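Please read all numbers here as calculations on a predicted model, not as lab measurements. Letters go in sequence order (proteins before strands), and every chain restarts at 1.
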Amino acid sequence: MVQLTFPDNSVREFSAGVTGREIAEGISKSLAKKAVAVALDGELGDLSDRIERDAKIEIVTRDDPRALGLIRHDAAHVMAEAVQELYPGTQVTIGPVIENGFYYDFFRNQPFTLDDLPAIEAKMREIIQRNAPFTKEVWSRDQAKSVFEKKGEAFKVELVDAIPADQDVKIYKQGDWFDLCRGPHMASTGQIGSAFRLMRVAGAYWRGDPTKPMLSRIYGTAWHNEEELKAYLHMLEEAEKRDHRRLGREMDLFHFQEEGPGVVFWHPKGWTMFQELVAYMRRRLRGTYQEVNAPQLLDKSLWETSGHWQTFREAMFKAQPAGDEIDDNDRVYAIKPMNCPGHIQIFKHGLKSYRDLPLRLAEFGAVHRYEPSGALHGLMRVRGFTQDDAHIFCTEEQMAAECLKINDLIISTYADFGFTEMVVKLSTRPEKRVGTDEAWDHAEAVMMDVLKQIEAQSGGRIKTGINPGEGAFYGPKFEYVLRDAIGRDWQCGTTQVDFNLPGRFGAYYIDKDGEKKTPVMIHRAICGSMERFLGILIENYAGHLPLWLAPTQVVVATITSDADDYAAAVAEKLRRAGIRADLDLRNEKINYKVREHSLVKVPVILVCGKREAEEGTVNVRRLGQKDQQSMSLTDALVALQEEATPPDVKRLEAEAA
RNA sequence: GCUGCCGUAGCUCAGUGGUAGAGCACUCCCUUGGUAAGGGAGAGGUCGACAGUUCAAUCCUGUCCGGCAGCACCA
């Protein structure tokens, strides 16, 4: 007998080997019909699984949130069946559930195209209509391998070999079609329902390995019901609308062109945002960091010393004199891909004492990396970008305190942009690394301790995690991942402890005892790449930037030319108050002007007509709002000036008051 | 870099084996209109680049460049 505890805490006895399906049927017919799986002590399993031990049991119905993964997984299987039915000879590989959906990778000489999807989707609906039950069998390895070999499924044979020895080789059948799968699955294909859609096709390497064959992947999305599917598709549309590449063009912020793949042409408005962001960061560094600027072009030897030339040469730009007649035109320079070697040179220049530590050098350093062409993506991944970089030279004892200080800076910076949800992850030693195990043990212990403090300090707002083996080759690191307004995660900030570079470059300081010591170096970035961070901000705000960041903060627009002089005076006063204001005196209707400035997302339009000119008022129209507000020019000036004050400056003013 | 798709006016896109079109934007004229497009006229393109096939290529083929979606990469 087994004792099973139900969600209402009632405990009932069943004979061992009872199945979830039998239990559900025993409770009610309707439950049995709705049931798609069973959860034993929280772990999902098939309704047909025999229950041989005491456990907490739940009958999982189709509308349970946990069923969504099953719906998607089953949909992947059905898609594979549909594909093999339509395109005989296509080999199946793997088909997992992913965020918002599923995919299945196929091997076929001719990759799938978007045009193939409607037929596959129709076939899937047909298979779902058939409503064949999912049944499970456990096969021996040899049996599984020989069956898949006979079917010509070479990839499946490889997968059977990859299953750990202590796990069963499970085969799931749906009608005549079957697949190697760890399960679980729902009761029958009909339970998938109709709220799914095939989305796109893409190439993907077998097992993620570029040396292995390219497979043809089909992505799909699947949901509990049509409403959820519709909501998801709507969310995708919203994301597309706030695509920073589109907004960048529409708002005239920047552009790219063929001659400069992956490098940004910043237009006046975009550059205003950029500079506003840099100015913000500079204010945040004031009093703590010293800003420096290291050369763009440095002899190759420096990059050999740092190790970049050996490790990242493929991703670096080299430069040489272009003239044929120049004596040393065999001398090779590299355009900097990082700022650290430069900063170490600055540290090394002049003897440093332990009293100088921690020494914090910051730079808005423009770096260039030859990113793979397929990786380029608007501002998010470029070949030339500006890091809000800093290197802190300190002692090992100072390391933990420095990491916490950086943490405070990063968290408060993100908060100023409205990012309050974030995750800090500790990346630990990778396989390829430098430094002794003792040094890594020590560094990881220190950082683990810091991580705990970060979590404790945050009062639960910040989640923490560990990425094993993801550290840099020279030391462990923290990664700061923020969540934007539509729930997407972006890794931006990073704090990396480095035991390697200072020693390689022979950097040292004179310690209390008069001995030379090698400092620890901490690399840190907050925005990471200013370009990318701006891209994230544009998407996060959907172009509706807070006033302090908006390139054009106010447009003063006239209704008739009678108000031209007054409007010009208003614009002038705004400018004197430090507000970025444009003047629109064109001979156009106010409708036209409002529409045009609204489309480029100007936050505030001050409409001035005859009435305003006579009364000394302005009519305030905010972006996205239909109603207007009339107020005196003086009041408007004060209010706008207040609103246009960056959040950090507001804080300082509040403290001073 | 790999796979697939794409490249026509500043933008969004039609189109054809016989050297091109629309809407918006732009310029000029008329219009002075109270909160998301007033009317008219005009200008604007070596159809991504280079080769090939053809009497003839923007269209077909190839190579290259660039973009998009994934994959891989990201010091």
Classify the nucleic acid contact of A:P261 as base, sugar-phosphate or nothing, counting any heavy atom under 4.0 Å across all strands shown.
sugar-phosphate
Mind checking the P distance from B:C6 to B:A25? Whole angstroms is fine.
31 Å
Under 4.0 Å, counting only non-hydrogen atoms across every strand here, what does A:L599 touch: a base, just sugar-phosphate, or nothing?
base
Quiz question: going by heavy-atom distance under 3.5 Å, is there a donor-acceptor pair between the base of B:G34 and the side chain of A:E612?
yes
Answer yes when A:E314 and A:R369 have at least one side-chain N-carboxylate O distance shorter than 4.0 Å, and no when they do not.
no
For the side chain of A:I590, starting at C-beta, report the closest nucleotide among B:C2, B:A69, B:U35.
B:U35
Residue met sooner reading RNA chain B from 5', once A:R381 and A:L114 are mapped to nucleotides:
A:L114
Under 4.0 Å, counting only non-hydrogen atoms across every strand here, what does A:R245 touch: a base, just sugar-phosphate, or nothing?
sugar-phosphate
A:A204 or A:H368, whichever maps to the more 5' nucleotide of RNA chain B:
A:A204
Let's see if you can work this out: which of B:G33, B:C71, B:A75 has an atom nearest to the side-chain heavy atoms of A:K589?
B:G33
Could you give the CD-to-C1' distance, from A:E596 to B:U35, as a whole number of Å?
14 Å
Does A:D562 reach a base, just sugar-phosphate, or nothing at all? Heavy atoms under 4.0 Å.
nothing
Hey, does the Lys NZ or Arg CZ of A:R72 hover above the aromatic six-ring of A:F102, less than 6.0 Å from the centre and inside 45° of the axis?
no
Does B:A69 have a Watson-Crick or wobble partner in any strand here, with both distances under 3.5 angstrom, and which is it?
B:U3
Would you classify A:G374 as touching base, sugar-phosphate or nothing, given that sugar-phosphate means primed atoms plus P, OP1 and OP2, and contacts are heavy atoms under 4.0 Å?
base
At less than 4.0 Å, is any side-chain N or O atom of A:N591 found next to OP1 or OP2 of B:A36? Yes or no.
yes
Does the structure show a Watson-Crick or G-U wobble partner for B:A43, both distances under 3.5 Å? Name it, or say none.
none
Please determine, for B:G23, whether a Watson-Crick or G-U wobble partner exists with both distances under 3.5 Å, and give it or none.
B:C11
Between B:G34, B:A72, B:G33, which nucleotide gets closest to the side-chain atoms of A:N619?
B:G34
Considering every strand and a 4.0 Å limit on heavy-atom distances, what is the contact class for A:R200: base, sugar-phosphate, or nothing?
sugar-phosphate
Rounding to the closest angstrom, what is the interatomic distance between B:C47 and B:C60 at atom P?
15 Å
Pick base, sugar-phosphate or nothing for A:S598, based on heavy-atom distances below 4.0 Å to the nucleic acid.
base
Under 6.0 Å from the CZ atom of A:R313, do we count more than 12 heavy atoms belonging to anything else shown?
no
Roughly, in whole Å, what's the span from CD in A:E258 to P in B:C68?
12 Å
Mind checking if A:V201 touches a base, just sugar-phosphate, or nothing, with heavy atoms under 4.0 Å?
nothing
Around atom CG of A:D437, are there more than 12 heavy atoms of other residues, nucleotides or ligands at under 6.0 Å?
yes
In the structure shown, which nucleotide is the Watson-Crick or G-U wobble counterpart of B:C74, with both distances under 3.5 Å?
none
Looking at every strand, decide which applies to A:R249 at a 4.0 Å heavy-atom threshold: base, sugar-phosphate, or nothing.
sugar-phosphate
Quick one: label A:A472 by what it contacts on the DNA or RNA (base, sugar-phosphate, nothing), any heavy atom closer than 4.0 Å.
nothing
B:C55 -> Watson-Crick or G-U wobble partner, both distances under 3.5 Å, gives B:G18
Whether A:R217 contacts B:A72 is assessed here as follows: a side-chain N or O lying under 4.0 Å from the phosphate OP1 or OP2. Is that the case?
no
Should we say atom NZ of A:K318 is surrounded by more than 12 heavy atoms from elsewhere, each under 6.0 Å from it?
no
Below 4.0 angstrom, N of the basic side chain to O of the carboxylate: do A:R360 and A:E402 qualify?
yes
Please tell me which of the listed nucleotides, B:G70, B:A69, B:U3, lies nearest to the side chain of A:P111?
B:U3
Looking at the base of B:U32, is there any donor atom on it, or on the side chain of A:S561, that sits under 3.5 Å from an acceptor on the other one?
yes
Just checking A:Q496: base, sugar-phosphate only, or nothing, at a heavy-atom cut-off of under 4.0 Å?
sugar-phosphate
I want to check one thing: is the phosphate of B:U35, taken as OP1 and OP2, less than 4.0 Å away from some side-chain N or O of A:H597?
no
For a quick check of understanding: with a heavy-atom distance under 4.0 Å over all strands, which category does A:P372 fall into, base, sugar-phosphate or nothing?
base
Could you tell me whether the side chain of A:R532 has a donor or acceptor atom within less than 3.5 Å of a complementary atom in the base of B:C74?
no
Does any donor-acceptor pair link the side chain of A:Y205 with the base of B:G70 at a separation under 3.5 Å?
no
Would you verify whether the NZ or CZ of A:R108 falls within 45 degrees of the ring axis of A:F112 while also being under 6.0 Å from that six-membered ring's centre?
yes
Tell me the partner of B:U63, counting only Watson-Crick (N1-N3 plus N6-O4 or O6-N4) or G-U wobble (N1-O2 and O6-N3) with both under 3.5 Å; none if nothing fits.
B:A49
Describe the nucleic acid contact of A:Y474 in one word from base, sugar-phosphate, nothing, applying a heavy-atom distance below 4.0 Å.
sugar-phosphate
Taking N and O atoms by type only, does the side chain of A:R313 place a donor or acceptor under 3.5 Å from a partner on the base of B:A75?
no
Within less than 4.0 Å of OP1 or OP2 of B:G1, is there a side-chain N or O belonging to A:S373?
yes
Contact class for A:A557 vs. all strands (heavy atom < 4.0 Å): base, sugar-phosphate, or nothing?
nothing
Is the aromatic ring of A:Y592 within stacking range of B:A37, meaning centres under 5.5 angstrom and planes under 30 degrees?
no
Proximity of A:F265 and A:H255 rings by center, below 6.0 Å
yes
With rounding to the closest Å, how many angstrom separate the C1' atoms on B:C50 and B:G18?
23 Å
